[in-house]
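Some notes on the structure that comes next.
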Amino acid sequence: MSDFIVYAEKKAFDEITFNGSYPNLKSIFTNHSTIFLNLTKDEVKEDILSEGEIFFYLHAYPGANIPEAYPAQFRNVYADFSTLVFTPRSIYFLNIPKHDADSLQQQYGIIVQSSNDISDNILRGGAHRELNKDMILNVGTGSGWKSLFDFTLPPSNSLVITDDWLFKNEEMGNIIGETNIVNFIDAILPIGLLTDFHILIITDDQDRTQLRCEKLVADLSSRIKVLREYPIVFELVFADTIHKRKAILNYISVTCDKGFAMFRLSDNITIRDDNDFRYERVFNRIEKEEGDTVFYSDTLLLHKIKDKCISVKQYITNRHQEPNRRILGDCNSDKSLKNRLINDV
């Protein structure tokens with residue numbers, strides 16, 4: 001599904017679309033979303049027939065999708081908040097106190113807003129840095145990758161990284177991208193979760209043998225899984241991948257023009273080559289004159305990655321693992337992937 005999925009209590013829907021001032025969310029609702037309400041079909045129909053808020057919403061914004069009834073999803077969530085993780089790219093507006101909503105975000109990596117306390121900027125924001133060769137990043141609260149993420153990130157529980165040259169170059173006999181990607185992941189992982197965090201990397205194997213690929217994945221997995229106390233599901237697909245070098249999380253994407261092997265291994269703070277860093281939340285661009293939203297672009301890329309991974313899986317099933325046709329790590333026994341973002345598109 002290409003639309004952004006919103007689950008909203010009627011109270012929050014009314015507040016965002018009519019009662020309050022939420023220009024960003026209102027634009028996202030009307031131009032980019034399918035909205036599911038905690039109402040029955042009869043209640044939605046009655047609101048429209050009686051010229052209630054939904055009726056006026058549809059007349060005020062004729063291009064908007066008709067809000068749909070989906071009370072079962074709300075019953076499931078209120079009964080068991082852990083079910084939030086099954087909708088990793090959606091947002092929830094629930095009738096709960098703000099401190100409970102904040103707690104759920106931290107626990108499950110999904111954006112949850114209280115109907116009584118709504119942030120209009122939760123899906124907007126970005127940062128851009130031009131990084132020159134030999135620049136040293138050792139300021140603020142962190143160094144290297146952590147200095148590039150010296151701001152508050154939205155909730156997350158999943159990550160997909162595509163970078164065809166991630167493991168190409170070596171320094172002092174070590175793969176530059178290996179340490180860089182561990183440090184990158186350390187910079188963006190939530191401090192704590194009550195669920196597992198899913199990581200998928202898709203990259204070129206650079207003509208390495210099966211044994212070397214297996215060792216690389218084992219080394220990466222062991223280094224990544226000790227970064228946090230919660231479980232981490234790590235999968236790596238070696239394939240002829242997409243040239244665009246990008247990391248996609250639940251509500252943000254990060255683009256590096258020359259890839260994520262950013263820093264020299266000698267100190268992990270010195271830029272290896274001219275590069276750039278661009279971070280954007282999924283609706284940093286929402287107006288028509290701004291072009292495609294980040295959510296739309298990321299959805300297209302996730303579809304392409306998913307198709308590539310399915311193709312590799314089918315090849316392995318019919319034959320065996322070969323160069324740039326390998327799936328390793330914590331994948332399912334049939335070589336299908338567990339990653340939430342991939343399975344959400």
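Counting begins at 1 with the first residue of the sequence. Predicted model, so just to flag it, every value in this text is computed and none were measured. What's counted below: heavy atoms across the whole structure, side chains too, no hydrogens, waters or symmetry copies.
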Nearest heavy atoms of K308 and I202, plus distance in Å = CG-CD1, 3.7 Å

What do the steps show when you test Y61 against F29 for side chain to side chain contact (heavy atoms under 4.5 Å, CB included), and what is the final call?
-> CA-CA 10 Å; Y61 308 103; F29 275 31; over 6 Å; no

E322-Y315 side chain donor-acceptor pair, cut-off 3.5 Å | yes

Would you mind checking if D273 and K258 are paired as a salt bridge, meaning a charged N to carboxylate O distance below 4.0 Å?
-> yes

Apply salt bridge (Lys or Arg N to Asp or Glu O under 4.0 Å) to R75 and list each qualifying residue two or more places apart in sequence or on a separate chain.
-> none

Looking at side-chain heavy atoms only, is the closest gap between N268 and W145 below 4.5 Å?
-> no

Under the ring-ring contact (aromatic ring centres under 6.0 Å, His included) test, which residues partner F167, sequence neighbours left out?
-> none

State whether a side-chain donor-acceptor pair under 3.5 Å links Q73 with Y78.
-> no

Atom NZ of K304: over 12 foreign heavy atoms under 6.0 Å | no

Specify whether H59 and F55 have parallel, tilted or perpendicular ring planes, treating 30° as the upper limit for parallel and 60° as the lower limit for perpendicular.
-> tilted

Show the numbers, then the answer: is there a side chain to side chain donor-acceptor pair (under 3.5 Å) between T270 and D267?
-> CA-CA 7 Å; T270 303; D267 57 13; 2.6 Å; yes

Passing candidate, side-chain contact (heavy atoms from CB on, under 4.5 Å) with I54, options L49, D47, I35 | D47

Would you mind checking if D219 and K215 are paired as a salt bridge, meaning a charged N to carboxylate O distance below 4.0 Å?
-> yes

Given N31, T30, D3, the one that forms side chain to side chain donor-acceptor pair (under 3.5 Å) with N65 = D3

If you measure only the distance, is there a donor-acceptor pair under 3.5 Å linking the side chains of R89 and T299?
-> yes

When you check the gap from the basic side-chain N to the acidic O, do D298 and K246 get nearer than 4.0 Å?
-> yes

Any idea which heavy atoms bring F197 and P190 closest together, and the distance?
-> CE1-CD, 3.6 Å

Side chain proximity check, E68 to L37, heavy atoms < 4.5 angstrom | no

Please name the residue in the list D257, D164, T255 that meets the side chain to side chain donor-acceptor pair (under 3.5 Å) test with R245.
-> D164

How close do L58 and I66 get, heavy atom to heavy atom, and via which atoms?
-> CD2-CA, 3.8 Å

Student check: side-chain heavy atoms of R326 and E214 closer than 4.5 Å = no

With the side chain counted from C-beta on, respond yes when T40 and V44 share a heavy-atom pair under 4.5 Å apart, and no when they do not.
-> no

Exactly one of Q106, Q107, H99 clears side chain to side chain donor-acceptor pair (under 3.5 Å) with S103, and that residue is Q107

May I ask you to test the F36-S90 pair for a side-chain heavy-atom distance under 4.5 Å?
-> no

Does any N or O in the side chain of S297 come within less than 3.5 Å of the main-chain N or O of V294, such that one atom is a donor and the other an acceptor?
-> no

If you measure only the distance, is there a donor-acceptor pair under 3.5 Å linking the side chains of D334 and S336?
-> yes

Measure the shortest side-chain to side-chain distance between I181 and I201 over non-hydrogen atoms and say whether it is less than 4.5 angstrom.
-> yes

Taking side chain as C-beta onward, heavy atoms only, is L94 less than 4.5 Å from Q113?
-> no

May I have the list of side-chain donor-acceptor pairs in residues 13-21 shorter than 3.5 Å, sequence neighbours left out?
residue	atom	partner	partner atom	Å
D14	OD1	K10	NZ	3.1
D14	OD2	K10	NZ	3.0
E15	OE2	Y22	OH	3.0
T17	OG1	F13	O	2.6

For N116, the side chain to side chain donor-acceptor pair (under 3.5 Å) test, sequence neighbours excluded, returns K11

Take atom CD of E229 as the centre, draw a 6.0 Å sphere, and report whether it contains more than 12 heavy atoms from other residues, nucleotides or ligands.
-> no

Using atom types as modelled and distance alone, determine if a side-chain donor or acceptor of D120 lies under 3.5 Å from a backbone N or O of N24.
-> yes

Will you find, in the side chains of N324 and D240, an N or O donor that is under 3.5 Å from an N or O acceptor?
-> yes

Say whether W165 and D204, considering side chains only, have a donor N or O and an acceptor N or O under 3.5 Å apart.
-> no

From CD1 (I327) to NZ (K313), nearest 0.5 Å | 8.0 Å

Between F283 and R124, is there a cation-pi geometry (under 6.0 Å to ring centre, at most 45° from the normal)?
-> no

Test salt bridge (Lys or Arg N to Asp or Glu O under 4.0 Å) applied to K45 - qualifying residues, sequence neighbours left out | none

Heavy atoms from other residues, nucleotides or ligands near CG of D207 exceed 12 (cutoff 6.0 Å) | no

Cationic tip of R272 above F263 ring, under 6.0 Å, 45° of axis = no

So do M135 and N132 actually touch side chain to side chain, heavy atoms under 4.5 Å?
-> yes

According to the interplanar angle, ranging from 0 to 90°, do the rings of Y70 and Y7 count as parallel (below 30°), tilted (30 to 60°) or perpendicular (above 60°)?
-> tilted

Over all atoms of both residues, closest heavy-atom pair of I176 and A261 | CG2-CB, 4.0 Å

Between R340 and D196, is the closest basic N to carboxylate O distance under 4.0 Å?
-> yes

I would like to know whether Y251 and F4 meet ring pair (Phe, Tyr, Trp, His ring centres under 6.0 Å); could you show each step before the answer?
-> CA-CA 11 Å; Y251 307 103; F4 182 63; 7.2 Å; no

Taking all atoms of both residues into account, what is the closest heavy-atom pair of S82 and Y108, and its distance?
-> CA-CE2, 3.5 Å

Judged by modelled atom types alone, do T179 and R223 share a side-chain donor-acceptor pair under 3.5 Å?
-> yes

Who passes ring-ring contact (aromatic ring centres under 6.0 Å, His included) against F56, sequence neighbours left out?
-> none

Closest heavy-atom pair, L337 versus C331, reported as atoms and distance to 0.1 Å, is CD2-CB, 4.3 Å

